[in-house]
Novice: 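To start, I am sharing the structure in question, which I have written as structure tokens.
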Amino acid sequence: MSVGTEITYDGDSMSPDKGWEEVLNEGWDRGTVVEEASRFPELKFQVETEQRPHKVSFYIEKTKSSEVINALSKQLEERQLDVKIIYSGGIDLDILPQGAGKGQALAYLLKKFNSEGKSPQNTLVCGDSGNDAELFSVADVYGVMVGNAQEELLQWYEENAKGNPKVILAHERCAAGIIQAMQHFNLDPNVSPRDIVGLSQTGAKYFLLGHEIVEFHLLCERWRRAEVEDSNEIFQWFKSAIDPKCSLLHPWGVEENLFTGIDVLRQCYGDQKGKQFRIWIDRIRPLKISSDIWLVRFDKWELIEQERRCCCTTALLKVKPDAPNSLSWIHIHETWLDGCGSRTNLCCSI
């Protein structure tokens, strides 16, 4: 939506990067851009939610776009404005500061992370429309254009990136195209926990908070649907991932020791077999609070037949090398998301 004109951090707080804002302020005059663009009746303003301090967005028919872009560019240049015009999707026209764009925003972030000693091991950029093209020109990144990419991006690929071994055109669509690229470039891990049959064998090499949280709850789902074997091995997997003093505060206010309370789950084996029962995790936000402890917030959704419910969950996990994913749960606090609570308290809810 911002086409690289906004960089924000810290999850829910969405704190803006002030340094990036200063970069974009140079030579930018939004009022003048709006004034000049308003002289073209072919340009129709997009809704207010699509506008940004450093982005002015319009709709324009494809047959009229080339002529209008050329004329508008000349007028903005005469007003001594250094801007860029991006046309994508056969209808969307965005006017940005010359230094803006998804590619420049990524380059800025990589440079910033490098200066702070936080260089990412690998970076994969993904795109499906013309305003994503700049991403694939950033040095030292992998790139994928997904199978449902639009015409203007496919044309850019043919003209600029077809011979680049770090950029591929996926045959899979949407997120499946991204997974295809992760497999192609060997960017581990590239398999969702939901696609793994059996228990995780990743170990400490893939110390990933998100993977542990998803895998733990997914195994709970499969246990209750009888999609895994009722065995001591699987049940001990649960036990080894939980600290003996781990406390669980349920959304209905009852607190229990999860290490001992997990025994109740064993009695629930197969209680949802053949039923519409799913658990999924959304919006994982981790924060490292000490050398070996992470505070993680996430939303846990459950579907039981026609009822959906969601818990806003805060958990503490501690590094433990001999645990399944090198992490041990030490505290869980759940509260109902407004309007998404359960009408009953469940004996088998984790």
Side-chain angles (χ1 to χ4, degrees), residues 1-9 17 19-20 23-24 50 52 54-55 57 62 65 69 83-193 195 205-206 208 210-211 284:
M1 293 175 68
S2 68
V3 195
T5 63
E6 294 178 331
I7 298 175
T8 59
Y9 306 97
D17 187 306
W20 183 236
V23 170
L24 300 187
E50 294 296 327
R52 294 290 187 276
H54 297 96
K55 178 175 78 87
S57 297
K62 186 175 182 179
S65 60
I69 289 173
V83 303
K84 67 170 61 173
I85 299 176
I86 299 177
Y87 186 62
S88 61
I91 191 171
D92 298 310
L93 186 145
D94 300 309
I95 306 175
L96 323 172
Q98 185 60 242
K102 295 182 181 181
Q104 284 90 333
L106 175 59
Y108 169 90
L109 273 178
L110 292 175
K111 182 178 179 180
K112 179 176 181 177
F113 291 157
N114 289 341
S115 68
E116 296 174 351
K118 301 176 182 177
S119 302
Q121 182 176 354
N122 292 297
T123 302
L124 174 67
V125 300
C126 320
D128 64 358
S129 69
N131 64 23
D132 297 317
E134 294 178 354
L135 289 168
F136 302 98
S137 298
V138 178
D140 301 321
V141 303
Y142 296 100
V144 55
M145 299 172 190
V146 292
N148 55 304
Q150 296 176 5
E151 177 184 344
E152 70 269 10
L153 188 59
L154 296 176
Q155 182 178 344
W156 187 94
Y157 172 79
E158 291 292 331
E159 296 174 355
N160 300 278
K162 193 171 184 179
N164 186 343
K166 285 195 169 185
V167 178
I168 67 167
L169 178 61
H171 58 78
E172 298 286 355
R173 297 168 54 86
C174 305
I178 298 173
I179 294 174
Q180 179 187 340
M182 294 176 70
Q183 294 169 339
H184 177 85
F185 295 120
N186 195 29
L187 305 179
D188 290 315
N190 55 45
V191 179
S192 164
D195 294 328
K205 180 180 178 183
Y206 299 124
L208 292 174
H211 192 92
I284 299 175

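Because the structure is predicted, anything quoted here is derived from the model rather than measured.
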Novice: Between Lys84 (side chain) and Ala100 (backbone), is there a donor-acceptor pair under 3.5 Å?
Specialist: yes

Novice: Are Gln104 and Val23 close enough that some pair of their side-chain heavy atoms sits under 4.5 Å apart?
Specialist: no

Novice: Short question: side chain of Asp128, backbone of Asn148 - any donor-acceptor pair under 3.5 Å?
Specialist: no

Novice: For a side-chain contact (heavy atoms from CB on, under 4.5 Å) check, start with the C-alpha distance between Ser119 and Asn114, then their side-chain angles and the critical distance, and finish with the verdict.
Specialist: CA-CA 5 Å; Ser119 302; Asn114 289 341; 2.3 Å; yes

Novice: Do you know which two heavy atoms are closest between Ala105 and Gly4, and how far apart they sit?
Specialist: CB-O, 3.7 Å

Novice: Looking at Cys126 and Leu135, what are the two nearest heavy atoms and their distance?
Specialist: O-CD1, 3.9 Å

Novice: Taking Glu172 for its side chain and Gly177 for its backbone only, find out whether a donor-acceptor pair lies under 3.5 Å.
Specialist: no

Novice: Between Asp140 and Leu110, is any pair of side-chain heavy atoms under 4.5 Å apart?
Specialist: no

Novice: Indicate yes or no for a side-chain donor-acceptor contact from Glu152 to the backbone of Ser88 under 3.5 Å, with no hydrogens or angles considered.
Specialist: no

Novice: Under the side-chain contact (heavy atoms from CB on, under 4.5 Å) rule, what do Val138 and Thr123 come out as? Steps first, then yes or no, please.
Specialist: CA-CA 10 Å; Val138 178; Thr123 302; over 6 Å; no

Novice: Determine the minimum heavy-atom distance between Leu187 and Leu124, stating which atoms define it.
Specialist: CD1-CB, 4.0 Å

Novice: How would you list all residue pairs meeting ring pair (Phe, Tyr, Trp, His ring centres under 6.0 Å) that involve residues 120-141, not counting sequence neighbours?
Specialist: none

Novice: Donor-acceptor check, side chain of Tyr87 to backbone of Gly90, threshold 3.5 angstrom: yes or no?
Specialist: yes

Novice: Any side-chain heavy-atom pair from Trp20 and Lys112 closer than 4.5 angstrom?
Specialist: no

Novice: Checking Ser57 against Asp92 for the side-chain contact (heavy atoms from CB on, under 4.5 Å) test, could you report, in this order, the C-alpha distance in whole Å, the side-chain angles of both residues, the deciding distance, and whether it holds?
Specialist: CA-CA 7 Å; Ser57 297; Asp92 298 310; over 6 Å; no

Novice: Got a donor-acceptor contact below 3.5 angstrom from the Lys55 side chain to the Glu50 backbone?
Specialist: yes

